[in-house]
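In this chain, numbering begins with 1 at the start of the sequence shown. Predicted model, so just to flag it, every value in this text is computed and none were measured. Atom set for the values below is all heavy atoms of this structure, side chains included, hydrogens, waters and symmetry mates excluded.
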Amino acid sequence: MLDTAPAVRRPPGRRPSGRGRPHRRPRFGPYLLIAPTVVVIAVLMFWPMIQIGIMSFQKVGNRQLRGEPAESVGTENFDTILKDPLFWAAFRHTVLFAVVAVSLTMVIGTLVGLLLNRLGKRMSSFVSGGVMVAWATPPVTAAIIFSWLFGSTGGLVNWSLDKLPDALVGGGWNDYNWFATPLSTYTVLTVCVVWQACPFVAVSVLAGLKSVPRELYEAARVDGSGPWRTFWSLTYPMLKPIFLVVLVMSIIWDFKVFTQLFIMSGMANRDAFNLSLYGYSEAFGALNPKLGMGSAIAAVLTLILLVVTALYVRVMVRQGETR
């Protein structure tokens with residue numbers, strides 16, 4: 001008698017129960033690909049930061065550079081700089097400059113990005129390429145250019161202001177020294193930094209605007225929304241992540257401006273120091289370098305930027321949770 005019972009079919013893709021699952025080998029490929037980058041970052045960034053943190057608690061001078069062991073002084077370097085009026089003046093200059101420069105960079109860069117979005121394809125590409133020239137200019141080159149433009153001897157700005165009526169701008173511009181006082185020095189520095197930073201904001205905003213559907217703007221136009229209301233109700237919410245990234249990057253860049261101020265003002269005008277130039281002057285500007293003091297100033301500046309970055313990450317995480 002034949003057995004007519006239907007054969008039991010095993011579900012496709014399932015292995016026999018008699019054999020366990022094969023051991024899954026760990027994949028080291030991705031880690032091997034990023035290993036060179038991690039090593040480079042560790043060597044060029046993490047290790048120097050660790051050294052700065054160590055030296056900020058030590059007394060390091062010429063003798064230590066010649067091979068003598070460094071003397072541990074605890075928090076003496078931090079106590080010294082916090083009691084120094086020059087530190088607080090440099091801190092005030094750094095914060096005020098960052099507030100003004102970042103605000104102008106964001107406003108002007110956003111306006112330029114909105115303008116580029118309204119232009120035709122060819123004209124937008126041409127203007128974007130020209131604008132990016134300013135961003136691609138090295139800081140040293142930009143500082144030399146603006147030092148010449150605002151120079152007291154043959155400067156184009158002084159010459160132009162001197163040609164204007166005295167009733168409009170006043171007189172005596174021919175030999176005016178823009179780098180004699182902190183206010184005028186930071187005025188030139190702000191113009192230079194904003195000129196270089198605006199293109200990055202403009203191109204970032206332009207890239208974000210290209211991703212916004214045109215139908216949304218057409219619907220807003222039909223509803224009678226004006227340009228101001230359209231920006232704050234439609235453009236800004238859509239581009240808020242881009243604005244946050246650009247804002248934090250601008251704050252970090254403007255807090256640690258060094259090259260432009262060093263070329264424009266130099267080491268003689270201590271009244272115009274910011275934290276970067278103040279730390280450099282303490283570490284390398286004297287006959288007896290104080291690398292411990294300079295490291296303490298650098299550690300304070302790094303801590304401030306880490307706080308700003310942490311706030312940015314917290315905002316981004318909250319935005320991701322609310323979506």
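- Considering Trp173, Phe146, Trp148 as possible partners of Trp178, the one that fulfils the ring-ring contact (aromatic ring centres under 6.0 Å, His included) test is Trp173.
- Within the 4.5 Å cutoff, side-chain heavy atoms of Phe87 are placed close to those of Val300.
- Evaluation of the ring pair (Phe, Tyr, Trp, His ring centres under 6.0 Å) test over residues 34-58, restricted to residues two or more places apart or in two chains, returns Phe57-Phe78.
- At most 12 heavy atoms of other shown residues, nucleotides or ligands fall within 6.0 angstrom of atom CZ in Phe91.
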Please tabulate, for side-chain N and O atoms in residues 185-193, each donor-acceptor pair with protein atoms closer than 3.5 Å (sequence neighbours left out).
{"residue": "Thr185", "atom": "OG1", "partner": "Thr181", "partner atom": "O", "Å": "2.8"}
{"residue": "Tyr186", "atom": "OH", "partner": "Ala272", "partner atom": "O", "Å": "2.8"}
{"residue": "Tyr186", "atom": "OH", "partner": "Phe273", "partner atom": "O", "Å": "3.4"}
{"residue": "Tyr186", "atom": "OH", "partner": "Asn274", "partner atom": "N", "Å": "3.4"}
{"residue": "Thr187", "atom": "OG1", "partner": "Leu183", "partner atom": "O", "Å": "2.7"}
{"residue": "Thr190", "atom": "OG1", "partner": "Tyr186", "partner atom": "O", "Å": "2.6"}

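- Here CG of Asn177 is found 5.0 Å from OG of Ser152. Values are rounded to the nearest 0.5 Å.
- In this structure, CG on Leu114 lies 11.0 Å from CG on Leu119, to the nearest 0.5 angstrom.
- Note on ring orientation: taking the six-membered ring where Trp is involved, the planes of Phe231 and Tyr236 are tilted (angle from 30° to 60°).
- Following chains of ILVMFWY side-chain contacts shorter than 4.5 Å, one cannot reach Val107 starting from Trp135, and the two form parts of different hydrophobic clusters.
- No side-chain donor-acceptor contact under 3.5 Å links Ser225 and Tyr217.
- Within 6.0 Å of the NZ atom in Lys210, the count of heavy atoms belonging to other residues, nucleotides or ligands exceeds 12.
- Under the 4.5 Å side-chain heavy-atom criterion for Ile, Leu, Val, Met, Phe, Trp and Tyr, Ile297 and Leu305 are members of the same hydrophobic cluster.
- With rounding to the nearest 0.5 Å, the separation of CG in Leu239 from OG1 in Thr110 is 9.0 Å.
- Inter-residue side-chain proximity for Ser147 and Ile263 is flagged as met; some heavy-atom pair is nearer than 4.5 Å.
- Put simply, CG on Leu291 and CD on Gln51 are 11.5 Å apart, with the number rounded to the nearest 0.5 Å.
- Between the CE atom in Met55 and the OG atom in Ser72 there is a gap of 13.5 Å [rounded to 0.5 Å].
- Taking CG from Leu277 and NZ from Lys256, the interatomic distance works out to 16.0 Å, rounded to the nearest 0.5 Å.
- Environment of CE in Met123: sparse, with no more than 12 heavy atoms of neighbouring residues, nucleotides or ligands closer than 6.0 Å.
- Considering only heavy atoms from C-beta on, Ile41 stays 4.5 Å or farther from Val38 through its side chain.
- The number of heavy atoms from other shown groups lying within 6.0 Å of CZ (Phe258) is above 12.
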